[in-house]
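Notes follow the structure.
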Number of protein chains: 2
Amino acid sequence: METKPHPPCPYPDVPSAEKHAHNFKRVRDAHRREIVEDYVEMIAELARVQDDVRTSHLAERFGVSNATVTNRVQRLVGDGLIEDAPYQPLVLTEKGRTIAQESRRRHVLVRDFLIALGVDPDIAEADTEGIEHHVSEETLAAFARFVDRGSAATETTAI
Amino acid sequence: METKPHPPCPYPDVPSAEKHAHNFKRVRDAHRREIVEDYVEMIAELARVQDDVRTSHLAERFGVSNATVTNRVQRLVGDGLIEDAPYQPLVLTEKGRTIAQESRRRHVLVRDFLIALGVDPDIAEADTEGIEHHVSEETLAAFARFVDRGSAATETTAI
DNA sequence: TACAATATTTAGCTTCAGCTAAGAATCTGA
DNA sequence: TCAGATTCTTAGCTGAAGCTAAATATTGTA
Ligand SMILES: [Mn+2]
Ligand SMILES: [Mn+2]
Ligand SMILES: [Mn+2]
Ligand SMILES: [Mn+2]
């Protein structure tokens, strides 16, 4: 006989100081990456549904001023994620497209997971905008398993 | 006969500009609340397992300098969440305890949800530190349903 | 008690993300 | 074509969160 598989979650209430510090540093790192990820993802998404992507489009989408977008974009140009060209439409570099793709993958997966869990799609989309930057690959894999399981069940039931 | 219950998630790829802007503003609001929530939650947690809570304890836990903690704490004192008393242990006000309790509830629920989903407890704890600030009450409720369903199933199976 | 060690705060700096206002470039229509 | 409207960038500001180094307060011990 084995010991019981899962006595109700005996995770300690207070992690060690080292783990705590490490976790909070990870959050701060995620926050530093957040703007980069949101910007390249947004540029890639808008490029799919309209001909030009302009700083003014991003300003409208993010709900910030044009000047703010120009400043952020200049940093992304410096990081080699956007092509440089003043007064011109925004175009992602190869590197930018790669990050956009990874970001988009996470975004869609988190959102679809929440929807599969029963969350209203609009609320799922809203929550995802923040959550997406804080999910590890491991958690993302668990989300994917859940979504797959659900759709497999649907197919099975649908026969 | 009814229409199929869930054709594979027809959520539009690009939300309207208004929704987009609203969602990003919500994320920025959450980021402004984040330090407040983490600080009062940490003070409340440490108070449960040790006699004094000092700025140096918070500095160690958050992985930041003592000076940073002193500055943040002074703002929380100004917000009426921590009792004022230089060189003294940190004590939450009634208001501070209330926010700590709400924050703790969310933290534990998110963490236990991830664990219930099959995520390793240490990774769940780490991801939770960021995610907790971005989950709406609706999503939290869905998390709670899932956790309850799981533990109910376990009890049933365990007979 | 006095002095050294430790803990805490203050001073002064950096970087980041936001803003408004003003200037420069582009586009459009008479 | 060129004047006005629009779009984009620049300049210069604020506030938040972090840092180090120096000053100050507390504590513990000889
Ligand atoms: Mn986002
Ligand atoms: Mn966040
Ligand atoms: Mn947190
Ligand atoms: Mn927390």
Side-chain angles (χ1 to χ4, degrees), chain A residues 17 20-43 46 50-79 81-91 129-130 133, chain B residues 17 20-40 42-43 46 50-79 81-91 129-130 133-134:
Chain A
H20 244 152
H22 182 256
N23 292 346
F24 283 104
K25 278 190 221 281
R26 269 194 65 225
V27 174
R28 292 194 292 270
D29 284 346
H31 284 161
R32 262 180 266 114
R33 276 190 301 270
E34 192 155 339
I35 284 213
V36 174
E37 294 172 354
D38 286 338
Y39 269 61
V40 295
E41 184 189 340
M42 184 69 82
I43 292 170
L46 292 184
Q50 63 190 47
D51 18 340
D52 271 12
V53 182
R54 294 278 175 176
T55 56
S56 57
H57 301 147
L58 297 186
E60 190 190 15
R61 291 279 162 175
F62 290 132
V64 299
S65 73
N66 257 315
T68 294
V69 171
T70 298
N71 283 333
R72 300 301 131 246
V73 162
Q74 281 165 351
R75 202 176 63 210
L76 297 188
V77 169
D79 293 348
L81 305 180
I82 298 180
E83 310 256 309
D84 196 358
Y87 292 95
Q88 288 306 300
L90 302 170
V91 179
E129 205 51 78
H133 310 281
Chain B
H20 245 152
H22 183 256
N23 293 346
F24 282 105
K25 278 190 220 279
R26 269 193 64 225
V27 174
R28 292 195 292 271
D29 284 346
H31 284 161
R32 263 181 265 115
R33 276 190 301 270
E34 192 156 337
I35 283 216
V36 174
E37 295 173 352
D38 286 338
Y39 269 62
V40 296
M42 183 69 83
I43 292 170
L46 292 184
Q50 62 190 47
D51 19 340
D52 271 13
V53 182
R54 294 279 175 174
T55 56
S56 57
H57 301 146
L58 297 187
E60 190 190 15
R61 291 279 161 177
F62 289 132
V64 299
S65 74
N66 257 315
T68 295
V69 171
T70 298
N71 283 332
R72 298 302 130 248
V73 163
Q74 281 165 351
R75 202 177 61 208
L76 297 187
V77 168
D79 293 346
L81 305 180
I82 299 181
E83 308 257 307
D84 196 358
Y87 292 95
Q88 288 305 302
L90 302 170
V91 180
E129 205 52 77
H133 310 282
H134 300 284

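The model shown is predicted, which means the values in this text are computed figures rather than measured ones. Sequence lines set the chain letters: A, B, ... in the order given, protein chains first and strands last, and positions in each chain run from 1.
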Need to verify one output field. Residue with the more 5' nearest nucleotide on DNA chain D, A/Lys25 or A/Asn66?
A/Asn66
Could you state the atom-to-atom distance from [atom1] of [X] to [atom2] of [N] in whole Å?
{"X": "B/Leu58", "N": "C/dA7", "atom1": "CG", "atom2": "C1'", "answer": "14 Å"}
{"X": "B/Arg28", "N": "C/dA17", "atom1": "CZ", "atom2": "C1'", "answer": "9 Å"}
{"X": "B/Glu34", "N": "C/dA17", "atom1": "CD", "atom2": "C1'", "answer": "15 Å"}
{"X": "A/Arg33", "N": "C/dC16", "atom1": "CZ", "atom2": "C1'", "answer": "16 Å"}
{"X": "B/Asn71", "N": "C/dT14", "atom1": "CG", "atom2": "C1'", "answer": "14 Å"}
{"X": "B/Asp52", "N": "C/dA7", "atom1": "CG", "atom2": "P", "answer": "12 Å"}
{"X": "A/Leu90", "N": "D/dT9", "atom1": "CG", "atom2": "P", "answer": "8 Å"}
{"X": "A/Glu60", "N": "D/dT7", "atom1": "CD", "atom2": "P", "answer": "10 Å"}

Parallel, tilted or perpendicular: rings of B/Phe24 and A/Phe62 (30°, 60°):
perpendicular
Using 30° and 60° as the class limits, which term best fits the ring planes of B/His31 and B/His134: parallel, tilted or perpendicular?
perpendicular
Given [options], the nucleotide with the shortest approach to the side chain of [X]:
{"X": "A/Arg54", "options": "D/dT20, D/dG18, D/dC8", "value": "D/dC8"}
{"X": "A/Ile35", "options": "C/dT10, D/dA17, C/dA17", "value": "C/dA17"}
{"X": "A/Pro86", "options": "C/dT10, D/dG18, D/dT9", "value": "D/dT9"}
{"X": "B/Ala67", "options": "C/dA25, C/dT8, D/dA21", "value": "D/dA21"}
{"X": "B/Thr70", "options": "D/dC8, D/dG18, C/dT9", "value": "C/dT9"}
{"X": "A/Gln74", "options": "D/dG18, D/dT10, C/dA17", "value": "D/dT10"}
{"X": "B/Arg75", "options": "C/dT8, C/dG23, D/dA16", "value": "D/dA16"}

Determine the contact category for [X]: base if any of its heavy atoms lies under 4.0 Å from a base atom, sugar-phosphate if only primed atoms, P, OP1 or OP2 are that close, otherwise nothing.
{"X": "B/Arg32", "answer": "nothing"}
{"X": "A/Ser56", "answer": "sugar-phosphate"}
{"X": "A/Ser65", "answer": "base"}
{"X": "B/Thr68", "answer": "base"}

State, with a plain yes or no, whether a side-chain heavy atom of B/Arg54 is found less than 4.5 Å away from one of B/His57.
yes
B/Ser56 to B/Asn66 - nearest heavy-atom pair and separation:
CA-OD1, 3.3 Å
Closest heavy-atom pair and its distance - B/Ile43, B/Val53
O-CG2, 3.9 Å
Side-chain ion pair, B/Arg26 and B/Asp29, N-O less than 4.0 Å
no
Residue whose nearest DNA chain C nucleotide is more 5′ - A/Tyr87 or A/Tyr39
A/Tyr39
